[in-house]
Amino acid sequence: MRTGYFIAQGATESFRSTSLTTKRVPDVPISSTHWGTFHADAPDGQTLRVTPFERDENPSELISALPEYRTHATRVRRPAVRQGWLEGRAGDVVPGRGADPFVEVDWDMALDLVAAELGRVKQDHGNGAIFAGSYGWSSAGRFHHAKTQLKRFMNAFGGAVEQRDNYSFGAGMVLLPHVVGDIELLYGPATGWDAIAEGADLFVSFGGLPARNGQIESGGVGAHVQQGFRDAFRAKGGRFVNVSPMRSDAEPVDDWIALRPGTDTAMILALCHELDRQGLADHGFLARYTSGSDRFLDYLRNGNGGQAFDADWAARICDIPAERIRSLATEMASSRCFLNMNWSLQRADFGEQCFWSCIALAAMLGRIGLPGQGLGFGFGSMNGMGNPVSRLPSPGLPTLSNPLGDFIPVARVTDYLLGEVRDMDYNGQRLTLPAPRLVYWAGGNPFHHHQDINRLLRGWALPETIVVHEHVWTATARHADIVLPATMGVERDDISTSSNDRYLVAMRKAVAPLGEARDDYAIFSALAARLGIAETFTEGRGADAWIAFLYEQTRGKAAERGVDMPDFAAWREAGFYEKPAPAESYTSFAAFRRDPDAFPLRTPSGRIELFSETIAGFGYDDCPPHPSWLPPREALSSPRVRRFPLHLLTTQPAHRLHGQLDPVGTSRASKIFGREPLHIHPATAAQRGLKEGDIVRVWNDRGACLAGVLTDPAMRPDVVRMATGAWYDPLLPGQPGCLDLHGNPNVLTHDRPSSSLSQGPAAQSCLVEVEAWRSQVPQIRVHSAPNFAVGRVTTKQSRDKRADPLPQQE
Ligand SMILES: Nc1nc2c(c(=O)[nH]1)N[C@H]1C(S)=C(S)[C@@H](COP(=O)(O)OP(=O)(O)OC[C@H]3O[C@@H](n4cnc5c(=O)[nH]c(N)nc54)[C@H](O)[C@@H]3O)O[C@H]1N2
Ligand SMILES: Nc1nc2c(c(=O)[nH]1)N[C@H]1C(S)=C(S)[C@@H](COP(=O)(O)OP(=O)(O)OC[C@H]3O[C@@H](n4cnc5c(=O)[nH]c(N)nc54)[C@H](O)[C@@H]3O)O[C@H]1N2
Ligand SMILES: [Mo]
């Protein structure tokens, strides 16, 4: 490890990013990840040296973990097959997934097995029996994006069942087109921080602006800008109000309103009610720019069974003073106000309602479309929200079309595995799908991302075959039948960029692939050759040719928009291309505000819909046609609180990206006796006889995990918090319901949908209890290599038993 990198000492949540040097190492290849861009080389051919990108003022410490990660014991070095599966018969469901040892095999055998399985399932059951949704973040480069590679491969093969929407903002993504016509508010272009600094003086953020989340941007971060923009806003005298169960969500902060989680909709309805009551609502705006405001106002005034949605009502639900709600309403109405709500809030029971009510509040304030005012979603969720960037098309591997067209909403994966997608409501449709027989995952980690892992395990046991490409032995890889080792970003050339980032980085291979790892593209090309679809999949291009082709294609599209990019060779030589700053600062809905007839929204009314006839037509009890308060099924207000009195929030991890980097560097250093920290108020800990550093069991009726106590006085005493991403490490592998030794909070969360509209994930609605762990603390095993059966088996015997490999066709 190079000196100068900050390594977290002990179990704190504090992390710094600025201690990394930004000195340029001349002529060292550049590369990029979702957490930053850097120069990297390996003079000894093994050990990476990394230095942050010279244009990044505030690089993330996460890049310092990469050298150790690349060669870590958990790296998948060779193709491996689950022993029980290998010895089983094709078409059988062989028990033992997650528990059996693996047998390492050579590439030819592994590829023959996968090709034979794909061929068999397609022939016997059709492409609809294959599930290749493969949700997950993969790596930053746009060509070697594993999930996209898989999609293209499967489409070339005749299609497979896919996943729609995402875990990040699944509920918002389905709702927003009904309300404002598209999803720009969610992922940009968003109102620029430059516009906010000029145009706003009050920034109210539901869920704060956690600096930890600003380390990340999907597709690759060139420069980390979030903290700089926030500081600039405050330096200009902007006031910052954090509405969140946790103060640490926004430091520094001028005001902290510590409401109960899952109650923001109640608080916002009360703010709306207060604006209406005090005559502060902008009725001119409502009349001109919205439709259905009369229905919404009627609901606010009378819709609560005779009880007004007023500040006194909300105060009881949110557990904040009614006076503070009233004063905030006045403060908002008398300020140039920008509202932000983080994505996390809609990852909850009836998560659509908080986003919709936030839009209603902004509409009642009447500032939508004024420079730097109005609202946005996710400014505290990722680095690039509000980053002023010219919109250029991003390069991406074309996925071909899926002749099947079948999909599941992303978070319904366990229902689907269990065969329970029957007449399922989804955004006005009804979905019915049989359970899959073959599951294929590349670039994602369902044992990280999905809720209620014990239920997932029951579904995961049912397919005949599960294939995973991975570069590390995640829990998902450990629960697969065939695991193919994939290269990491630093081991290949690529193009990294994100629509919310200024840079297009010419990623260069810094080091040879570890062990026998191959690019996903090489793996799929070899499978395609075996299956007779090589030409369709590759179009005759190798990886180098594709990267040059995709870059030049992007450059051509940029030229059509009057932007002149360097040619491929010049771009590579420079290492990156910086997109030009936009000509003027951007505010969401500015054109619509200027002239709503000339620039109508793509909603049925052309206006912001505060009542949606379309959603009314769906008739969903759990998603009414206007912003509404529906008490969450699981929250501090639900009866369940008598058994499980603490609300668990599962936030994004400061020290890693999801499950990526978990066993190394600052992630490992942040653990307590190797367990994931549980953030808990000191009084709540004391009530249970717990102190800092103790090991606890966190549990409810869905599961239990171990964790380490980290006290934090600046959070609500009835809320606890665990970051996502500790690799699932079951006491009894393969057995649903057993203790997770490590601290993966998804053994505790429920996987019921946010609503019938979106079927989105609702992880934040979760109650738990915490108690001291008095037994011996078992060892973590998931940060070591899995169990391998002795020797490398290439015997024809087991191969022949499985299936005859298809003949090579290249
Ligand atoms: N309880 C709870 N759960 C949550 C959330 C929450 O707030 N609470 N948040 C959710 C959200 S927003 C998200 S986005 C998801 C994230 O869930 P995921 O995206 O599934 O998490 P990652 O750990 O990023 O998984 C990506 C995997 O791809 C692998 N990978 C990386 N590069 C490559 C490659 O080039 N080839 C191959 N074959 N594999 C590669 C990595 O090793 C890693 O295991 O989690 C969700 N889960
Ligand atoms: N370091 C790091 N950064 C990341 C990621 C990562 O893995 N690591 N993942 C990235 C990804 S994929 C995504 S989608 C984004 C997600 O971004 P978010 O979903 O916004 O992130 P979270 O950390 O889940 O939540 C943000 C804050 O919302 C607050 N919050 C939770 N529930 C409530 C509530 O009911 N009311 C209020 N008012 N506040 C609440 C929590 O205190 C939390 O700190 O993060 C991205 N950034
Ligand atoms: Mo996400």
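Just so you know, ligand 1 is whichever comes first in the structure, and atom 1 is the first atom listed for that ligand. Quick caveat, the model's predicted, so the values are computed rather than measured.
- Considering only heavy atoms from C-beta on, His469 comes within 4.5 Å of Ile523 through its side chain.
- The N/O atoms of Pro245, backbone and side chain alike, include none that comes under 3.5 Å of an N/O atom in ligand 2.
- With atom 35 (O) of ligand 1 as the reference point, the heavy atom nearest to it among His469, Lys147, Arg492 is part of Arg492.
- Between Trp137 and ligand 2, no N or O atom pair is found at a separation short of 3.5 Å.
- Considering backbone and side-chain N/O atoms, Thr749 never comes within less than 3.5 Å of an N/O atom of ligand 1.
- Geometrically, ligand 2 and His658 share a nitrogen or oxygen pair separated by less than 3.5 Å.
- Between Tyr167 and Tyr135, the distance from one ring center to the other falls under 6.0 angstrom.
- The shortest distance between side-chain heavy atoms of Leu175 and Ser758 does not fall below 4.5 Å.
- In this structure, Gly443 is part of the shell of residues with a heavy atom less than 4.0 angstrom from ligand 1.
- The N/O atoms of Pro210, backbone and side chain alike, include none that comes under 3.5 Å of an N/O atom in ligand 2.
- Atom 45 (O) of ligand 1 has as its closest protein heavy atom His449 CB, 3.1 Å.
- Summary of contacts: the protein heavy atom closest to atom 32 (N) of ligand 1 is Ser139 OG, 2.5 Å.
- Judged by the shortest distance from any of its heavy atoms, Phe169 lies outside the 4.0 Å radius around the atoms of ligand 1.
- Between Val243 and ligand 2, at least one N/O pair is under 3.5 Å apart.
- Short contacts between ligand 2 and Asp264, defined as distances under 4.0 Å to a heavy atom of the residue, involve ligand atoms 34 (C), 35 (O), 36 (N), 37 (C), 38 (N).
- Compare Asp520, Val76, Asn445 by their heavy atoms: the one nearest to atom 34 (C) of ligand 1 is in Asp520.
- In the vicinity of Met246, heavy-atom distances shorter than 4.0 Å reach the ligand 2 atoms 41 (C), 42 (O).
- If you check each of Met382, Glu470, Met488 against atom 29 (C) of ligand 1, the one with the closest non-hydrogen atom is Glu470.
- In this structure, the protein non-hydrogen atom closest to atom 7 (O) of ligand 1 is Arg347 NH1, 2.8 Å.
- Contacts of Arg212 with ligand 2, taken as heavy-atom pairs under 4.0 Å, involve both backbone and side chain.
- For atom 5 (C) of ligand 2, the choice among His34, Arg656, Gln652 with the nearest heavy atom turns out to be Gln652.
- Considering both main-chain and side-chain atoms, Thr651 never comes within under 3.5 Å of ligand 2 through any nitrogen or oxygen pair.
- Residue Asn342 has no N or O atom closer than 3.5 Å to an N or O atom of ligand 2.
- Inter-residue side-chain proximity for Met722 and Cys705 is flagged as met; some heavy-atom pair is nearer than 4.5 Å.
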